[in-house]
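The block underneath contains the structure these notes are about, expressed in structure tokens.
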Amino acid sequence: MSTPGGLLLALAVLLPFVGMLLGLVAGGRHVRRIAFVTMLVGLSIAVGISWAWLQVGELVYLLGDWSPPLGIALRADGPAVAMILAVAGVVCGIGLYARADFDTPAGSTESRATLSYWLLLLAVWGSLNLVFVSGDLFTLYVALELLTFAGVPLVCLAGSGETLRAALRYLLFALCGSVLYLLGAVLLYGGYGTLDMRLLAEIVEAEPIAWTALALMTVGLLAKTALFPLHIWLPPAHGGAPAAASAVLSALVIKGSWFLVLRLWCDVMPGVAGASAAQLLGGLGAAAIVVGSVVALRQQRLKLLVAYSTVAQIGYLFLMFPMALTDTGVHDAAVAAGVLQAISHATAKAGMFMAAGLVYAALGHDRIDDLAGAARALPITVLAFLIGGVALMGVLPGGAYLAKKLLLDAADTSGQWVWTWVLQGGAVFTAGYVVLILVRVLRRPAQPLAELKPVSMLSQWAALGLSLASLGLALTAVLGPLPASLVSNPLSPKELGNTLVVLAVGTLLAWGLARRPLFGAGGALRAATQALARGFEQGDHFIRRWPSAMVAMLGIAAVFGWLLARA
Amino acid sequence: MSIETLFGLGAAALVGIGLYGLIVLAHPLRKIIAFNVMGSGVFVLFGALAKRGAGAGLHADPVPQALLITAIVVAFAASALAVALIVRLIESTDSASLAGDPLDEGTH
């Protein structure tokens, strides 16, 4: 039976695609207006879904009134509703930012980039909503492919050779991931005769076919999420696209496949997955944080720094798995923490990419070494970047902060002290690149900045708004479902001490690892850390070559299979 | 050996050949073909499963066939998009090579 409000789920999927098709027919002159109307209605639908969920709990919509296994059900539980609402908010924020960049003023000719951007933004939105509400593994396959097809052209909107190459690499690697996912889904159908997630969860057992399927599907999804060491396509794709597109790719597109890993491991096959394989997922996440952050500190361009910061932040998203899946079953608090972290990253990272794009637009470059004076020239933009960074650090009350507290609690109760260290240490790496940028933008320029190009105020405020929204997620604890005791006074001695330690160690990291010293000359210690950092860079370079990435993909699948079979 | 097992083994071989091609072939067009070979392996497997899972006096389970059509359309669309990207890439750089790290050359 469909629940009241279930129809809203179908509308949430349908509306962005309807908007997209209307935009395609109407053409570049009207597409922006159509996109904004769609955003307004879509946001209302997302709010409606949340409201209905508060009234009746899980929402279900049976397409054509046929129930599974013959029909297909759309379902929205707590995490799905949270993601739908967050994505609607972020899409609207990005839309406001992109308003000035992708415009067809009266009297000018229509441009392909403008038309494509708005159509693709809506397509990403619809595909993501489909990922969140699908109750069926094959529908999810189609949804993920739609998401990739919408994401790839966003990479090469500029049309230059480099961006086309980045887009092609992204597409080909993502396609390998999808075939592995499809192979897993086919095996599950062969073993159990259904692809409906609820029905599968009831009958799936820990046996070879389920192990193989889970290992293949997981590694396919990791390739699409770009979890280290499968991040081959992410830095060039996210660093080369226009800022408004990078924000979509980094904040939203990778969350689709991540969400599906969460669904598979915690909802469909928790009994098959087991604790030791979850440790491997967490371990890959920890490696992503270290490598991604160190290489981020080595970048010379702001957008590439943000792109590598995404590699590191994807690692954080996978730290929840060891806490969520222990020998005693699935822990809902850890799952909630993961969703909160994803939403927090979606808002903060969108804000940071937008800020980087505005810096580029105003200064005509985004070379980190030449950012002196930017803070005075673009105060709102720089503030948006730094607030986004601070929110991701998780030292001030915000989404990432709450997620960290929840995970620390879960690590404590399950006696996994190693992950306590990883969670605490992760913030330090984020602090490293925030401090690096802070020092560079506050420096006084050697000569007054050349003529600045004007940038849209609306775009600046949209970036700041999204960054602030990431901190604003603290309200979920103050007003909403999470216990208010999670938030402690950030000025209390313990919290303040923690913040200062994180910033101090972050400063040390930035000093030791960045290409140009932050202050002082260095000496033997800095020479050693520089050598270490170059080692990381070369390692990252090696692992992002096509054959090594493919072999890593197969290797990880094999290790997952072995861990699952051993448990 | 039953016919289903034969098809299953054939599917495994196709997936293996496709994977090997994806790892070692450098030209993106060859990668696309390798992707399609691998995809065909998955489709053959799905078809074999449909035959094996047929119950209630049917010749074959119809659900996989319906899903297969969709999967083939998706794979076709993916290949078309990839080929379109290659054409654009050759138009703008005179080479279809994916080699070389774009990050080293400073992109925007």
Side-chain angles (χ1 to χ4, degrees), chain A residues 69-70 138-139 141-142 145-146 148-149 152-153 156 158-169 171-176 178-180 182-183 185-187 189-191 193-195 235-237 239-240 242 299-301 303-304 307 360 365-366 541 544-547 549-551 553-554, chain B residues 8 11 15 18-19 22-26 28 31-32 34-36 38-39 41-43 45-46 48-50 52-53 55 61 63-64 66-68 70-71 73-75 77-79 81-82 84-108:
Chain A
L70 201 54
F138 189 80
T139 314
Y141 165 73
V142 177
E145 291 298 74
L146 284 176
T148 306
F149 295 168
V152 167
C156 56
S160 69
E162 288 309 327
T163 57
L164 285 165
R165 192 174 295 165
L168 191 55
R169 267 164 96 93
L171 178 62
L172 289 174
F173 200 68
L175 286 179
C176 302
S178 359
V179 180
L180 291 182
L182 184 64
L183 183 56
V186 165
L187 286 176
Y189 188 87
T194 180
L195 288 170
Q299 296 306 314
Q300 291 169 309
R301 286 187 36 225
K303 271 179 73 188
L304 279 175
Y360 189 98
H365 72 84
D366 63 347
H541 202 268
R544 281 196 302 105
R545 290 192 328 185
W546 184 277
M550 281 298 297
V551 171
M553 193 196 285
L554 296 183
Chain B
V15 171
L19 265 178
L22 275 170
I23 295 174
V24 301
L25 298 175
K31 282 195 207 299
I32 294 172
F35 156 75
N36 276 288
M38 193 175 159
V42 177
F43 301 153
L45 175 68
F46 214 2
L49 287 170
R52 199 198 63 174
D61 180 357
V63 173
L67 298 185
L68 260 176
T70 316
V73 171
V74 170
S79 308
L81 180 57
L85 279 173
I86 294 179
V87 170
R88 281 293 305 278
L89 185 61
I90 292 176
E91 278 173 4
S92 72
T93 64
D94 282 336
S95 123
S97 164
L98 289 179
D101 195 336
L103 296 190
D104 295 341
E105 292 150 39
T107 59
H108 183 77

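Residue numbers start from 1 in every chain, and the chains themselves are labelled A, B, ... in the order their sequence lines are given, proteins ahead of strands.
In this structure, no portion of B/A84 lies under 4.5 Å from any heavy atom of chain A. In this structure, chain B has no heavy atom under 4.5 Å from any part of A/L146. At a 4.5 Å heavy-atom cutoff, A/L70 makes no contact with chain B through either its backbone or its side chain. Contacts between A/L172 and chain B at a heavy-atom distance below 4.5 Å involve the side chain alone, from C-beta outward.
Note: B/R88 CZ to B/T93 OG1 = 11.0 Å, rounded to the nearest 0.5 Å. From B/I23, atom CD1 reaches atom CE of A/M553 across 9.0 Å, with rounding to the nearest 0.5 Å.
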**Item:** Residues A/L182, B/F43; criterion side-chain contact (heavy atoms from CB on, under 4.5 Å); working and verdict
**Value:** CA-CA 9 Å; A/L182 184 64; B/F43 301 153; 3.9 Å; yes
**Item:** side-chain contact (heavy atoms from CB on, under 4.5 Å) assessment of B/L45 paired with B/V15
**Value:** CA-CA 10 Å; B/L45 175 68; B/V15 171; over 6 Å; no
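Per-residue heavy-atom pair counts under 4.5 Å with chain A were compared for B/G39, B/S92, B/A78, and the maximum is reached by B/A78. Put simply, of B/L89, B/V74, B/L81, B/L67, the one with the most heavy-atom pairs under 4.5 Å next to chain A is B/L67. Of the listed residues (A/L171, A/L183, A/L175), the one with the most heavy-atom contacts under 4.5 Å to chain B is A/L175.
Of the candidates A/L180, A/V186, A/L187, A/V186 is the only one forming a side chain to side chain contact (heavy atoms under 4.5 Å, CB included) with B/V42.
Proximity of the aromatic rings of A/F138 and A/Y141 is defined here by a centroid distance below 6.0 angstrom, and this criterion is met.
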